[in-house]
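Notes to accompany the following structure.
Values below: every heavy atom of this structure, side chains too, minus hydrogens, waters and symmetry copies.
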Amino acid sequence: MARAVQAFLLALRDLPNARVLRILALSLFLTLLLFVAAGAAILFAARRLLDHGRWLGESGTDMASALLVLLLVAGSWLLFRAAAIVVVGLFADGIVAEVEGRHYPAAAGRAVPVGWGRGIRLALASLGRLIAGNLVALPFYILLLVTGVGTVLLALGVNALLLGRDLEAMVLARHPDRPRFDRGARWTAGLLSAASFLVPVVNLLAPIVSAAMAVHLLHLPRRAPTMKDRG
């Protein structure tokens, strides 16, 4: 856990870097564009389906459209994260390479370039896990709505697991010879990333900070195994 927190704090220090800021600005613009386009497309498709079916009448269709807008707003965190995953996947290698080059030049020299094709495949795999994981958890999200906070806490836990896996895959793509993150570090990194996506304004920085955090987590010295770990 301590390594993941340290990696997160180091990632925050990387934000003022000029190249990181350029990647952040471009990825943020594309993410917001994709986010708005996806939301508009979902709303338009649902509206056309209701109009075509004429199941609810004009007033019912208007009410259903308003409900859909509310659902989109409520689910905007997942929709934004989905858009961010796709976009950051396109820039992930550049972000990781920049952070490695500044802090871990020896490791950067040994890295395997990921390339656009592999980056897109990683992004799509991450998107698939996001959709599948949250669809499986959806009935539990609905059941926990009555608790007030249960849905948010479950979503945070589910997406912490998913994001931890995504961040690990992102950096290990450049270093396939390195061991995987230990379970605690992967979970904590995913939790910090998932929590960042929940905070307004901070969620705009979350994809870049999460990628930089994963780099530091990969290269920071690991603690020596204890007798408990060995047993």
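The shortest distance between side-chain heavy atoms of Leu191 and Asn159 does not fall below 4.5 Å. The shortest distance between side-chain heavy atoms of Leu138 and Asn134 does not fall below 4.5 Å. Side-chain contact between Arg3 and Asp182 is present, with at least one heavy-atom pair separated by less than 4.5 Å. Contact annotation: the side chain of Met213 never approaches that of His216 to less than 4.5 Å [non-hydrogen atoms, C-beta and beyond]. Residues His103 and Asp14 form a side-chain contact, since some pair of their non-hydrogen atoms from C-beta on lies under 4.5 Å apart. Using a 4.5 Å cut-off on side-chain heavy atoms (C-beta onward), Leu167 and Leu217 make no contact. Counting heavy atoms from C-beta on, the side chains of Tyr104 and Leu220 come closer than 4.5 Å. Side-chain contact between Leu10 and Gln6: present, with at least one pair of heavy atoms (C-beta onward) separated by less than 4.5 Å.
Shown here is Arg178, whose CZ atom has more than 12 heavy atoms of other residues, nucleotides or ligands within 6.0 Å.
No single ILVMFWY cluster, assembled from side-chain heavy atoms under 4.5 Å apart, contains both Leu156 and Val136. In this structure, Val112 is not a member of the same hydrophobic cluster as Val171, with clusters built from ILVMFWY side-chain heavy atoms closer than 4.5 Å. Criterion: ILVMFWY side-chain heavy atoms under 4.5 Å apart, direct or through other members. Under it, Leu12 and Val5 are part of a common hydrophobic cluster. One hydrophobic cluster holds both Val215 and Leu15 under the rule that ILVMFWY side chains link at heavy-atom gaps under 4.5 Å. In the hydrophobic clustering of this structure, Leu153 does not group with Leu163; members are Ile, Leu, Val, Met, Phe, Trp, Tyr whose side-chain heavy atoms approach within less than 4.5 Å, directly or through other members.
What you find for Pro16 and Leu21 is that their closest heavy atoms are O-CD1, 3.5 Å. Nearest heavy atom pair, residue Glu100 against residue Ala111, reads OE1-CB, 4.0 Å. When all heavy atoms are compared, the tightest approach of Arg174 to Ala108 is NH2-O, 4.3 Å. The minimum heavy-atom distance linking Ala173 with Val114 is given by the pair CB-CG2, 3.9 Å. Closest of all the heavy-atom pairs between Val158 and Gly133 is CG1-O, 4.2 Å. Nearest heavy-atom pair, Ser193 versus Ser210, reported as atom, atom and distance to 0.1 Å: OG-OG, 2.6 Å.
Taking CG from Leu162 and CG from Leu130, the interatomic distance works out to 6.5 Å, rounded to the nearest 0.5 Å. Rounding to the nearest 0.5 Å gives a distance of 4.0 Å between CZ of Phe8 and OG of Ser196. In this structure, Thr151 OG1 and Leu144 CG are separated by 5.0 Å, a value rounded to the nearest 0.5 Å. Between Leu127 atom CG and Ile120 atom CD1 the span is 12.5 Å, to the nearest 0.5 Å. In this structure, CG in Leu192 is found 10.5 Å from CH2 in Trp187, a value given to the nearest 0.5 Å. One finds the CD atom of Glu98 at 8.0 Å from the CZ atom of Arg22 (value rounded to the nearest 0.5 Å).
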message = Quick one, Leu205 with Ile208, criterion side chain to side chain contact (heavy atoms under 4.5 Å, CB included). Give me CA distance, side-chain angles, the key distance, then yes/no.
response = CA-CA 6 Å; Leu205 307 175; Ile208 304 296; 6.0 Å; no

task = Check the pair Arg180 / Arg165 against side chain to side chain contact (heavy atoms under 4.5 Å, CB included), numbers first and verdict last.
result = CA-CA 10 Å; Arg180 296 184 61 182; Arg165 174 69 180 83; 4.2 Å; yes

request  = Would you sort out whether Arg129 and Asp166 count as a side chain to side chain contact (heavy atoms under 4.5 Å, CB included), showing the intermediate values?
outcome  = CA-CA 9 Å; Arg129 285 191 292 268; Asp166 294 341; 2.7 Å; yes

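Looking at Leu198, Val199, Leu204 one by one, the single match for side chain to side chain contact (heavy atoms under 4.5 Å, CB included) with Val202 turns out to be Val199.
Using a cut-off of 4.0 Å between Lys/Arg side-chain N and Asp/Glu carboxylate O, Asp177 and Arg110 are scored as not salt-bridged.
When atom types are taken as modelled, the side chain of Arg186 and the backbone of Phe181 share a donor-acceptor pair closer than 3.5 angstrom.
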